[in-house]
Asker: 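Below is a structure I'd like to ask you about.
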Amino acid sequence: MDLFDNAGMETVGIPNDSRGPLAVRMRPRTIDDVLGQDHLLAPGAPLRRLIESDSGDSGPSSVILWGPPGTGKTTLSYLIARSGARKFVELSAVSAGVKELRAVIAEARRHLTTSGAETVLFIDEVHRFSKTQQDALLPAVENRWVILVAATTENPSFSIVTPLLSRSIMLTLHGLGPEDIGKLLERAVSDERGLAGKFSLPAESKDMIVRLAGSDARRSLTVLEAAAGTTEARGESEITVEDVSEAIDIAAVAYDRDGDVHYDVISAFIKSIRGSNVDAAMHYLARMLEAGEDPRFVARRLMISAAEDIGMADPSALQTATAAAQSVALVGMPEARIILAEAVVHLATAPKSNAAYNAINAAIKDVRDGKVGSIPNHLRDGSVWASRQTGAGEGYKYAHDFPGHVVHQQYLPDELAGTRYYEPTENGYESQITPRLAKYRSIVDGEQ
């Protein structure tokens with residue numbers, strides 16, 4: 001786990017093996033080499049002070065780096081370790097347990113006591129640590145036995161325990177923009193650690209790699225290296241668009257079914273349907289399906305959307321969504337994509353109303369606020385003798401015995417009499433409900 005000793009500090013994170021992956025060989029050696037994170041590395045910023053500080057300097061004892069893959073979380077941890085004669089220990093939350101964690105902390109304490117040198121403990125994918133494992137870090141962070149640098153692709157507010165979060169500085173890394181990815185590719189082509197000028201990268205080939213990489217620096221270098229290998233196999237030096245295409249047939253979709261991007265895409269999907277933008281909704285549906293999302297999950301969200309955002313403006317939307325969910329379960333992919341697409345078109349183009357959604361939320365709020373009251377006696381169950389002795393059911397008016405099957409009668413408890421929860425809109429079918437409901441309410445309330 002200990003990746004280097006004090007004598008080898010200058011090479012931390014920079015493998016001497018020139019045959020290593022291009023993404024590793026091109027790892028930044030200095031702060032100035034880091035791209036796309038200027039907001040974290042400005043003069044005086046906490047992260048820059050930690051990187052530039054000497055061992056023992058006051059500074060944050062725990063840093064949580066939150067950002068998408070390929071934004072430099074591991075690189076920044078190496079840069080922190082390279083300063084101040086610090087040791088570097090790396091653990092993966094996927095494989096390390098509490099026993100390994102405590103062993104690292106014990107060694108860090110011993111090293112701090114005997115040599116005064118600090119230890120940077122880098123934990124990748126810290127969101128995968130259990131609560132017990134995260135709690136085990138607290139004494140080490142509290143007493144600064146280690147400088148904890150924890151990397152996560154998930155929102156720390158949901159994945160990191162509160163005590164650890166409160167003792168840490170949380171820094172958000174941004175995905176690299178097209179300009180930064182382009183600079184990185186140019187650097188990799190010319191740098192001696194990279195392709196050393198052996199290949200040329202025309203603008204159209206570079207643009208294609210930038211497009212395929214999204215905001216992931218590591219992916220861009222991986223694609224570049226594979227494309228260069230294809231070019232070399234042809235005995236040429238110019239990396240063509242065809243070389244890039246051959247190196248990667250289909251761009252890996254930036255989508256993690258267990259991470260934040262999963263929630264971002266489904267959120268954008270539902271909001272596009274709610275906003276009646278069928279084209280955007282279809283785009284996000286395609287992104288989910290191409291990334292291997294479970295089509296049954298998508299179908300379930302469509303049912304919720306039909307009830308929440310369309311409601312009685314088009315009651316058939318829920319029927320379509322339910323039928324789609326049943327069909328998807330029976331058919332499976334890839335044909336399920338057609339069924340889901342049909343449901344998306346229906347929901348996105350349907351008239352919208354959240355009146356039913358608002359009604360149940362308002363009613364639940366009243367109940368939670370204690371506004372319940374007693375059920376009117378005439379509405380109570382009078383089917384058994386004991387209940388009838390209390391007058392339960394007496395005076396109840398059977399609606400079907402009256403004109404229009406509606407009758408003046410109190411239904412809500414006294415404390416809530418006259419309360420209105422459901423207010424229909426003028427959209428779609430709900431516009432037909434509005435006058436009918438007004439008539440019913442006036443009869444029930446005794447206004448006519």
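Just so it is clear, the model here is predicted, and its values are computed rather than measured.
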Asker: Can you list the steps and then say if Tyr421 with Asp366 is a side-chain hydrogen bond (donor to acceptor under 3.5 Å, both in side chains)?
Answerer: CA-CA 10 Å; Tyr421 292 121; Asp366 277 353; 2.5 Å; yes

Asker: So, for Leu164 and Ser168, which heavy atoms are closest and what is the spacing to 0.1 Å?
Answerer: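 Smallest heavy-atom distance, with atoms named: O-OG, 2.6 Å.
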
Asker: Any salt bridge between Glu125 and Arg128, counting N to O under 4.0 Å?
Answerer: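 Yes, Glu125 and Arg128 are salt-bridged.
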
Asker: Should Asp294 and Arg301 count as an ion pair when the cut-off is N to O under 4.0 Å?
Answerer: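 So Asp294 does not pair with Arg301 through a salt bridge.
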
Asker: More than 12 heavy atoms of other residues, nucleotides or ligands under 6.0 Å from CZ of Arg296: yes or no?
Answerer: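 Result for CZ/Arg296: open.
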
Asker: Checking side-chain polar atoms at under 3.5 Å, does Glu246 have a donor or acceptor matched by the opposite partner on Thr230?
Answerer: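 The criterion, which ignores hydrogens and geometry beyond distance, is not satisfied for Thr230 and Glu246.
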
Asker: Can you tell me if Glu154 uses its side chain to pair, donor with acceptor, with the backbone of His127 under 3.5 Å?
Answerer: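 No; zero donor-acceptor contacts below 3.5 Å.
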
Asker: Quick one: do Arg274 and Asp309 make a salt bridge, cutoff under 4.0 Å?
Answerer: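 Looking at Asp309 together with Arg274, the answer is yes, because their closest N to O distance falls below 4.0 Å.
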
Asker: If I compare all heavy atoms of Ile339 with all of Ser327, which pair ends up nearest, and what's the gap?
Answerer: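 Answer, listing the atom of Ile339 first, then Ser327: CD1-CB, 3.7 Å.
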
Asker: Give the minimum heavy-atom separation between His378 and Tyr396, together with the two atoms involved.
Answerer: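 Scanning both residues, the minimum pair turns out to be O-CB, 3.2 Å.
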
Asker: Using 30° and 60° as the class boundaries, would you call the ring planes of His405 and His400 parallel, tilted or perpendicular?
Answerer: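 His405 and His400: perpendicular rings.
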
Asker: Checking side-chain hydrogen bond (donor to acceptor under 3.5 Å, both in side chains) for the pair Lys271/Ser267: CA distance, chi angles, key distance, verdict?
Answerer: CA-CA 6 Å; Lys271 288 173 181 174; Ser267 174; 3.2 Å; yes

Asker: Please name the pair of heavy atoms, one in Leu165 and one in Ser157, separated by the smallest distance, quoted to 0.1 Å.
Answerer: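 Closest approach of Leu165 to Ser157: CD2-CA, 4.0 Å.
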
Asker: Are the side chain of Arg337 and the backbone of Pro334 linked by a donor-acceptor contact shorter than 3.5 Å?
Answerer: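 Yes; at least one donor-acceptor contact below 3.5 Å.
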
Asker: Heavy atoms only: give me the nearest Pro202-Ser200 pair and the separation to one decimal.
Answerer: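 Answer, listing the atom of Pro202 first, then Ser200: CD-O, 3.6 Å.
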
Asker: In terms of heavy-atom contacts, does OH of Tyr357 have more than 12 from other residues, nucleotides or ligands at under 6.0 Å?
Answerer: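 Check fails, neighbour count at 12 or below.
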
Asker: Are there over 12 heavy-atom neighbours, none belonging to Ile338, within less than 6.0 Å of that residue's CD1?
Answerer: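 Enclosed: over 12 neighbouring heavy atoms sit under 6.0 Å from CD1 of Ile338.
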
Asker: Which is it for Ser353 and Glu430 under the side-chain hydrogen bond (donor to acceptor under 3.5 Å, both in side chains) test, yes or no, and what are the steps along the way?
Answerer: CA-CA 8 Å; Ser353 170; Glu430 210 163 33; 2.3 Å; yes

Asker: Considering only heavy atoms from C-beta outward, does the side chain of Ile270 approach that of Tyr284 to under 4.5 Å?
Answerer: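 Of all side-chain heavy-atom pairs linking Tyr284 with Ile270, none is under 4.5 Å.
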
Asker: Looking at Glu290 and Arg287, would you say the former's side chain and the latter's main chain have a donor-acceptor pair under 3.5 Å?
Answerer: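 No, because the side chain of Glu290 does not come within donor-acceptor range (under 3.5 Å) of the backbone of Arg287.
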
Asker: Leu184 versus Ser220: any side-chain heavy-atom pair under 4.5 Å?
Answerer: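 SC-SC contact between Leu184 and Ser220 confirmed.
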
Asker: Decide, yes or no, whether a salt bridge links Glu232 with Lys198 under the criterion of side-chain N to carboxylate O below 4.0 Å.
Answerer: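 No, this pair does not count.
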
Asker: Compare all side-chain heavy atoms of Leu173 with those of Leu40 and state whether any distance is below 4.5 angstrom.
Answerer: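 Heavy-atom side-chain distance check passes, below 4.5 Å.
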
Asker: Is the shortest heavy-atom distance from the side chain of Leu91 to the side chain of Phe122 under 4.5 Å?
Answerer: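 No - every pair of side-chain heavy atoms lies 4.5 Å or more apart.
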
Asker: If you count heavy atoms of other groups shown closer than 6.0 angstrom to CD of Glu179, is the number above 12?
Answerer: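 No, the 6.0 Å shell around CD holds no more than 12 heavy atoms from other groups.
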
Asker: Please step through side chain to side chain contact (heavy atoms under 4.5 Å, CB included) for the pair Ser272 and Met282, ending with a clear verdict.
Answerer: CA-CA 9 Å; Ser272 298; Met282 202 64 69; over 6 Å; no

Asker: Using only heavy-atom distances, determine whether the side chains of Thr240 and Asp243 contain a donor-acceptor pair under 3.5 Å.
Answerer: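 The answer is yes; a qualifying pair exists.
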
Asker: Between the side chains of Asp314 and Ser316, does any donor sit under 3.5 Å from an acceptor?
Answerer: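 A donor-acceptor contact under 3.5 Å links the two side chains.
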
Asker: Is there a side-chain hydrogen bond (donor to acceptor under 3.5 Å, both in side chains) between Glu308 and Ser305 once you walk through the steps?
Answerer: CA-CA 5 Å; Glu308 177 181 344; Ser305 175; over 6 Å; no

Asker: Which heavy atom of Phe199 sits nearest to which heavy atom of Val189, and what is that distance?
Answerer: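 What the structure gives for the nearest pair is O-CG1, 3.2 Å.
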
Asker: Donor-acceptor pair, distance only, cut-off 3.5 Å: does the side chain of Thr322 make one with the backbone of Gln319?
Answerer: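 Flag not set: sc Thr322 to bb Gln319 has no pair under 3.5 Å.
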
Asker: Can a salt bridge be assigned to the pair Lys371 and Asp369 using a cut-off of 4.0 Å between side-chain N and carboxylate O?
Answerer: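 Salt bridge absent between Lys371 and Asp369.
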
Asker: Can you confirm whether Val120 sits close enough to Val89 that some side-chain heavy atom of one is under 4.5 Å from a side-chain heavy atom of the other?
Answerer: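 Side-chain contact under 4.5 Å: no.
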
Asker: Is Asp135 salt-bridged to Lys131, going by a charged N under 4.0 Å from an acidic O?
Answerer: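 Result for this pair is yes, salt bridge flagged.
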
Asker: Measure the shortest side-chain to side-chain distance between Pro69 and Thr153 over non-hydrogen atoms and say whether it is less than 4.5 angstrom.
Answerer: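 Yes; the side chains approach each other to less than 4.5 Å.
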
Asker: Counting C-beta onward and ignoring hydrogens, is there a side-chain heavy-atom pair between Val344 and Phe269 closer than 4.5 Å?
Answerer: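 Yes. Closest side-chain heavy atoms under 4.5 Å.
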
Asker: Determine, for Glu426 against Lys352, whether the closest basic-nitrogen to carboxylate-oxygen distance falls under 4.0 angstrom.
Answerer: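 Salt bridge absent between Glu426 and Lys352.
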
Asker: What do the steps show when you test Lys397 against Asp401 for salt bridge (charged side-chain N to carboxylate O under 4.0 Å, His left out), and what is the final call?
Answerer: CA-CA 8 Å; Lys397 300 174 184 177; Asp401 290 341; over 6 Å; no

Asker: Let me confirm one number: the CD1-OG1 distance from Ile209 to Thr222, rounded to the nearest 0.5 Å.
Answerer: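 Answer for the CD1-OG1 pair, Ile209 versus Thr222, is 10.5 Å.
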
Asker: Just wondering, do Leu65 and Thr172 contact through their side chains at under 4.5 Å, heavy atoms?
Answerer: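 The answer is no; the side chains never approach within 4.5 Å.
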
Asker: Do other residues, nucleotides or ligands put more than 12 heavy atoms under 6.0 Å from the CZ atom of Arg436?
Answerer: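 More than 12 within 6.0 Å, yes.
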
Asker: May I have the step-by-step check of side chain to side chain contact (heavy atoms under 4.5 Å, CB included) for Val444 and Gln409, ending in yes or no?
Answerer: CA-CA 5 Å; Val444 171; Gln409 185 168 231; 5.6 Å; no

Asker: For atom CD of Glu342, decide whether the heavy atoms of other residues, nucleotides or ligands shown that lie under 6.0 angstrom number more than 12.
Answerer: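 Result for CD/Glu342: open.
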
